[in-house]
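These notes concern the structure reproduced below.
Residue numbers start from 1 in every chain, and the chains themselves are labelled A, B, ... in the order their sequence lines are given, proteins ahead of strands. What you see is a predicted model; the values in this text were computed from it and never measured.
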Amino acid sequence: MREYNPRVIEKKWQEIWEEKRVFEASNDMAKEKFYALIEFPYPSGQGLHVGHPRPYTAMDIVARKRRLQGYNVLFPIGWDAFGLPTENYAIKNKIHPRKVTEQNISRFKEQLKSIGFSFDWSREVDTTDPKYYKWTQWIFLKLFEKGLAYKKEMPINFCTSCKVGLANEEVVAGKCERCGSDVIKKVKNQWMLKITEYADRLIEDLETVDYVEKIKAQQINWIGRSTGVELDFRISGKDDALKVFTTRPDTIYGATYMVIAPEHPLIDKYNDIIENMDEISKYREYVSKKSDIERTELTKEKTGVEINGLKAVNPVTNKEIPIWISDYVMMSYGTGAIMAVPAHDSRDWEFAKKFNLPIIEVIKGGNVEEEAYTDTEQGIVVNSELINGLEVKEAIEKMSDWLEEKGLGKRTVNYKLRDWVFSRQRYWGEPIPLVHCDKCGWVPVPENELPVMLPDVENYEPTETGESPLANIKEWVETTCPKCGGKADRETDTMPQWAGSSWYFLRYVDPHNDKELASKEALDYWLPIDWYNGGMEHTTLHLLYSRFWHKFLYDIGVVNTPEPYKKRTSHGMILGENNEKMSKSRGNVVNPDDIVKEFGADTLRTYEMFIGDFEKSVPWSENGVKGCRRFLERVWRLQDIVVSGDSYTKELETNIHKTIKKVSEDYETLKFNTAIAALMSLLNDFNSHGKITTTDLKTFLILLNPVAPHITEELWQVCGLEGMLHDQNWPVYDEEKIKDDQIEMPIQINGKVRGTVVVPADSSQDMIKEKIEENENLMKYIEGKKIVKEIFVKGKIYNIVVK
RNA sequence: GCCGAAGUGGUGGAACUGGCAGACGCGCUGGACUCAAAAUCCAGUGGGGCUCAAACCCCGUGCGGGUUCGACUCCCGCCUUCGGCACCA
């Protein structure tokens, strides 16, 4: 027997697979398809780390298994290559980001290939390729055409010293990450996408897909649909009103003051009447230095300032109430103003306590002097003329009706979800294909002129004014209006990284098409994606954005499914040996190349899957890697004990069929760790007999193949089995053969296991009772006592209750 | 503060739908092989009691209660850890 040498056999089989094009999806659309998708990587400068192969191996296992089951499998790969780190690296090292991207991609490619993933490399996609981003731009134009893209004044983070716009990630504790200077909010006119228009459908259609429950919950919470009433509170003595949204119109009688966002425009409108404008301006400044997250973190102490000189009028009591500003009210949610009901809202209660504002109980049920009573399930309305004595739910309905009748308010729906800010003042992104003409406004670049190519620039730094570096290229910016032919300027903002990743899975089905983003035929055949696995961190952005784009493409007839992904699962992170997140600074990063070199790709793959519960994060362990290598060494040595024939005992045959069932099911339910454990047990079984038959060897190798594809192919060949493993069929278990003849049944006395009896699997209660009576140890608990009850679950347990 | 997930041996983790807790690995201990070591193989391994040994007994799935013939699993209350967050009115 040769020594197990993964370096040689892994390279050998990778070459054979490539040459034979084993993993290319077939164009035979008569076959049943299976589309397995992983999140395509961002090719960073650091290269792959051991976290990457975890989800890739998982989906590779499923893809390989489905191929052996006869499916036409599409398991593609590509590069999400636009983005900030590459651009920053380019700025720092004065290398074109294109060049950096190319280098990173080739490194990633080499690494991924060495692990033996069964990707269809012929369909590789790169979001920075003009042939690709032509279609990203095309989708944007369609969105624009349908009125789903619009311009809006939005604040950006702006570094006062670098004079550049910063991403949230680049702002650390209110300071610029690079230079440490103050970061301020600068208002810019930005392109926005109306994802909110799809909010209801994004919630409703979750019912039609098979996502892990926590993903659905998180998306639903993120979209945050709530129904309520929008109503006006008049400003006393002015022909003006504060619009508020409330889900609790039943508590209006308890609204004793109002709070508006510090940024609320009403403040500026009445700045000559407001008596304490200085104090207000100071508070506004204090708030403006805080990020939204900091504003939300300020949970301990409420802050705020009363607006002196302005009062609002409660529309049901007609009483004057004060107006305050506070940072707990945000301009970005609802109307930027609230009616405060301290008796029945915790935040309002805290605020009222701090500033000594009146608390009026309008729902009976708690003690509003101690804490806010927020229960909507029980409680009777009091102190509320129109609705006294009603339950909360009835009161909400009645009050809403009344407000609508009187024209004081109307029922509305509010969402937490905000529209998608689509502009970036950056170089390394897709140019937004619009032209601004003084006469015609924003005009789309004609489709036949796409792609709008990213021009070469000298300097990738954004401009002093916060414009994109593209703004400096006069000859690129200045163009003619496609509509009137007059002078016009190109949009210089680029798209966010999310753009290219919102539709990449569509391109995979027909990646070389230069007429359409993909042919109708290919889209109809391959969609929806059967299984998409990815990280939880993408739940509310990428996953939601791509669902939104897909729904839009469905509406305009490009795709034929309203949802892109039939099934979505997620994986846990791989931590360092010290149980902390892997990072350069912590010095606990493990490079998969080293593992492949020292132990082999099959060992890496096996360990990544055996490491623990796939959905949970787990620490890396070098000893665990060794254990998996040892397992594969034992598998390798099977070649010494092969004999011809079928399973030699009934028990072994049963074990084989049980393992086929277990492994087949576990691979489909993300339980790779227990699938491998079952294969280890089966191997132990073979070894304890000191032999394995060719029939059993075949089954074993096929079952293990998706996890450790190289060693199993090699053994198939070495042992002289017919053909090649990747051409075989997935084994099927026989329901009859997984049944045990004899079982060891646990016997409980008063719920405690006191022994077992060995009986035929289908024994009746009487037969087991007989066995129990033969057992002295068991009888010693029963004799002299009265049997009160006997519980018998066939094939499972026998419990005798005595007194 | 809110939302979500999770707490099981020295360790990573198993345990069907409420039915023998600790599968399979790692580590550790002992043995075989070796001049020796590594590798490999064999045996043992939750804690405690009683044993030459076995049989057997008690305790044990974050904590406190509860439901049940029977609870890692279900219910109520708490504690801790991790992840997400936009004080959502």
Output all residues satisfying side chain to side chain contact (heavy atoms under 4.5 Å, CB included) with A/K658, sequence neighbours left out; order by chain, then residue number. A/T654, A/I738, A/D740
Tell me every residue that passes side chain to side chain donor-acceptor pair (under 3.5 Å) with [X], counting only those two or more places apart in sequence or in another chain.
X: A/E306; answer: none
X: A/K662; answer: A/D666
X: A/H264; answer: none
X: A/Q218; answer: none

Among the nucleotides B/C41, B/G13, B/A86, which one has an atom lying closest to any side-chain atom of A/R637? B/C41
Ranking B/C3, B/G13, B/A86 by distance to the side chain of A/R418, first place goes to B/A86
How far, in whole Å, is [M] from [N] if one measures between their [atom1] atoms?
N: B/A14; M: B/G25; atom1: C1'; answer: 11 Å
N: B/G30; M: B/G22; atom1: P; answer: 26 Å
N: B/C33; M: B/C52; atom1: C1'; answer: 30 Å
N: B/U73; M: B/G66; atom1: P; answer: 15 Å
N: B/A71; M: B/A15; atom1: C1'; answer: 13 Å
N: B/U80; M: B/C26; atom1: C1'; answer: 26 Å
N: B/A54; M: B/G48; atom1: P; answer: 15 Å
N: B/U68; M: B/C76; atom1: C1'; answer: 16 Å

For [X] and [N], what is the distance between atoms [atom1] and [atom2] respectively, to the nearest whole Å?
X: A/Q218; N: B/C3; atom1: CD; atom2: P; value: 14 Å
X: A/E230; N: B/C88; atom1: CD; atom2: C1'; value: 14 Å
X: A/N687; N: B/A43; atom1: CG; atom2: P; value: 11 Å
X: A/D348; N: B/A89; atom1: CG; atom2: P; value: 11 Å
X: A/M536; N: B/G4; atom1: CE; atom2: C1'; value: 8 Å
X: A/I738; N: B/C16; atom1: CD1; atom2: P; value: 16 Å
X: A/N777; N: B/C20; atom1: CG; atom2: C1'; value: 15 Å
X: A/E350; N: B/C88; atom1: CD; atom2: P; value: 11 Å

Is there a donor-acceptor pair closer than 3.5 Å between any side-chain N or O of [X] and the backbone N or O of [Y]?
X: A/W324; Y: A/F351; answer: no
X: A/R284; Y: A/P262; answer: yes
X: A/H344; Y: A/I363; answer: yes
X: A/R547; Y: A/L202; answer: yes
X: A/Y283; Y: A/T303; answer: yes
X: A/T335; Y: A/K243; answer: yes
X: A/R54; Y: A/I574; answer: no

Taking NZ, NE, NH1 and NH2 as the nitrogens, is one of them in [X] or [Y] under 4.0 Å from a carboxylate oxygen of the other?
X: A/E213; Y: A/R568; answer: no
X: A/E397; Y: A/R411; answer: yes
X: A/R637; Y: A/E633; answer: no

At under 4.0 Å between heavy atoms, what does [X] touch on the DNA or RNA strands: base, sugar-phosphate, or nothing?
X: A/I611; value: sugar-phosphate
X: A/R629; value: nothing
X: A/K662; value: nothing
X: A/L417; value: base
X: A/E744; value: base

Would you list the atom pairs, donor with acceptor, under 3.5 Å between side chains in residues 675-685 of chain A and any protein atom, with sequence neighbours excluded?
unit_1: A/S681; atom_1: OG; unit_2: A/A677; atom_2: O; d: 3.3
unit_1: A/D685; atom_1: OD1; unit_2: A/H689; atom_2: ND1; d: 3.4
unit_1: A/D685; atom_1: OD2; unit_2: A/N655; atom_2: ND2; d: 2.6

Generate the contact string for nucleotides 5-11 of chain B. Rules: B means base contact, S means sugar-phosphate contact only, - means no protein heavy atom under 4.0 Å. -------
I need a per-nucleotide contact map over nucleotides 22-31 of chain B, read 5' to 3'. Cutoff is protein heavy atoms under 4.0 Å; write B for the base, S for backbone only, - otherwise. -BBSSS----
Which comes earlier along RNA chain B counting from the 5' end, the contact point of A/R248 or that of A/M745, where each point is its nearest nucleotide? A/M745
Every protein N/O within reach of nucleotides 45-48 of chain B N/O, cut-off under 3.5 Å:
none

Any idea if B/G12 is syn or anti, going by the 90°-from-0 cut? anti
Pull out every stem in RNA chain B, meaning runs of 3 or more consecutive Watson-Crick or G-U wobble pairs with both distances under 3.5 Å. B:1-7 with B:79-85, B:10-12 with B:24-26, B:27-32 with B:40-45, B:46-49 with B:56-59, B:62-66 with B:74-78
Residues that A/D345 engages under salt bridge (Lys or Arg N to Asp or Glu O under 4.0 Å), provided they are two or more places apart: A/R347
Result for side chain to side chain donor-acceptor pair (under 3.5 Å) between A/Y798 and one of A/Q748, A/E790, A/K769 points to A/E790
For nucleotides 67-74 of chain B, print each protein N/O atom paired with a nucleotide N/O atom at under 3.5 Å, atom names and distance only.
unit_1: B/C69; atom_1: OP1; unit_2: A/K789; atom_2: NZ; d: 3.2
unit_1: B/C69; atom_1: O2'; unit_2: A/N799; atom_2: ND2; d: 3.3
unit_1: B/C69; atom_1: O2; unit_2: A/N799; atom_2: ND2; d: 2.2

